[in-house]
Amino acid sequence: MTFAGDDTVKQQAQAFQNLEVDEQLALFWFIYTEMGKSITPAAPGASTVSTSVAESLFEQVKGMSHEEQLQVQRDLINRADTLIGREYGSMSATTKLLFWYLLSQGMDNGTIIPMPADYKLSSQAEDLLNHIKALDFAQQITTFRDYVEPMGAEPKAGAEI
Ligand code: 45D
């Protein structure tokens, strides 16, 4: 059985993935600025989150130059096979979401490369932002999980990351 709205949610995540990489990052940022205040680390799914895993990946990115930080984010979206991509790939969908949330907070407090001040979303991305804003909170979360889940790379078999 499928719930009403499942298809809409899948479509939003797909439309998101169809944008150019930089547009995806910009849209994700605008989503954060719209809903950031309603995100609380004490959300219902919080018990399924590996906070320390998300934080240690975030700390690695935080220690890089701004250019490298941007490259890491582009690589994740491009599913490039990098060490960080593989570490990311081994996390649960909700932990991935927490990692992106930590990045956006880092942008807010100046430890992660900020958006260029004059950045304008394409009308396509703007449309998608409005669609996502119209979803209820649970559907938004599902959209974001579907969006961040396939990023990064497959972890290697065995102990090797
Ligand atoms: O120069 O169950 C451009 C938890 C242009 C708890 C750029 C949760 C060129 C458990 C590319 C634009 C909290 C995890 C530069 C639930 C250029 C739980 C840079 C919920 C510089 C449900 C762009 C979590 C950049 C949620 C750097 C809902 C863009 C989390 C970066 C939501 C954008 C997280 C980023 C969101 C966006 C994160 C990092 C919406 C992050 C958005």
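Here, residue 1 is the first one in the sequence, and each next residue gets the next number. Counting convention: from 1, in listed order, for ligands and their atoms alike.
The ligand atoms of ligand 1 that sit less than 4.0 angstrom from a heavy atom of T94 are 2 (O), 10 (C), 14 (C), 18 (C). Contact atoms of ligand 1 toward L98: 14 (C) (distance under 4.0 Å to a heavy atom of the residue). Near L103, with a cut-off below 4.0 Å to any heavy atom, the atoms of ligand 1 are 39 (C). For ligand 1, the atoms lying closer than 4.0 Å to a non-hydrogen atom of I141 are 22 (C), 28 (C). Residue P116 approaches ligand 1 through these ligand atoms, each under 4.0 Å from one of its heavy atoms: 1 (O), 7 (C), 15 (C), 17 (C), 21 (C). In summary, the atoms of ligand 1 found under 4.0 Å from a heavy atom of V49, numbered by their order in the structure, are 10 (C). For ligand 1 and Q73, the ligand atoms under 4.0 Å from any heavy atom of the residue are 27 (C), 31 (C), 39 (C). The atoms of ligand 1 that sit less than 4.0 Å from any heavy atom of M115 are 12 (C), 23 (C).
For Q69 (side chain) and L103 (main-chain N/O), no donor-acceptor pair under 3.5 Å exists by modelled atom type. Using a distance-only test at 3.5 Å, with no hydrogens or angles considered, a donor-acceptor pair links the side chain of Q140 to the main chain of I132. Side-chain atoms of D136 come within 3.5 Å of backbone N or O of A138 as a donor-acceptor pair.
Distances shorter than 4.0 angstrom do not occur between any heavy atom of E23 and any atom of ligand 1. Put simply, part of P114 is less than 4.0 Å from ligand 1, judged by heavy atoms.
Residue Q69 does not touch ligand 1, judged by heavy-atom distances below 4.0 Å. Contact annotation for I112 and ligand 1: no heavy atom of the residue comes within less than 4.0 Å of the ligand.
Around atom 24 (C) of ligand 1, the closest heavy atom drawn from T143, T51, L97, T95 belongs to L97. Across the listed options V148, I31, D22, D22 owns the non-hydrogen atom lying nearest to atom 9 (C) of ligand 1. The closest non-hydrogen atom to atom 34 (C) of ligand 1, taken over W29, F99, Y32, Y101, comes from Y101.
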List the atom pairs, with distances to 0.1 Å, where a side-chain N or O of residues 116-127 and a protein N or O form a donor-acceptor pair under 3.5 Å, not counting sequence neighbours.
residue : atom : partner : partner atom : Å
Y119    : OH   : E23     : OE2          : 2.8
S122    : OG   : E23     : OE1          : 2.7
S122    : OG   : A125    : N            : 3.1

Can you list, pair by pair, the side-chain donor-acceptor contacts under 3.5 Å of residues 53-66, counting residues two or more places apart and other chains?
residue : atom : partner : partner atom : Å
Q60     : NE2  : E87     : OE1          : 3.0
S65     : OG   : E68     : N            : 3.2
S65     : OG   : E68     : OE1          : 3.3

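Taking the six-membered ring where tryptophan is involved, the planes of F16 and Y147 are essentially parallel, since the angle between them stays under 30° and well short of 60°.
The side-chain heavy atoms of L102 and I112, taken from C-beta on, include no pair separated by under 4.5 Å.
Here D22 pairs with R74 in a salt bridge; the nearest charged N to carboxylate O distance falls below 4.0 Å.
L135 is not connected to I31 by any chain of hydrophobic side-chain contacts under 4.5 Å among Ile, Leu, Val, Met, Phe, Trp and Tyr, and they are in different clusters.
Atom CD of Q17 has more than 12 heavy atoms from other residues, nucleotides or ligands within 6.0 Å.
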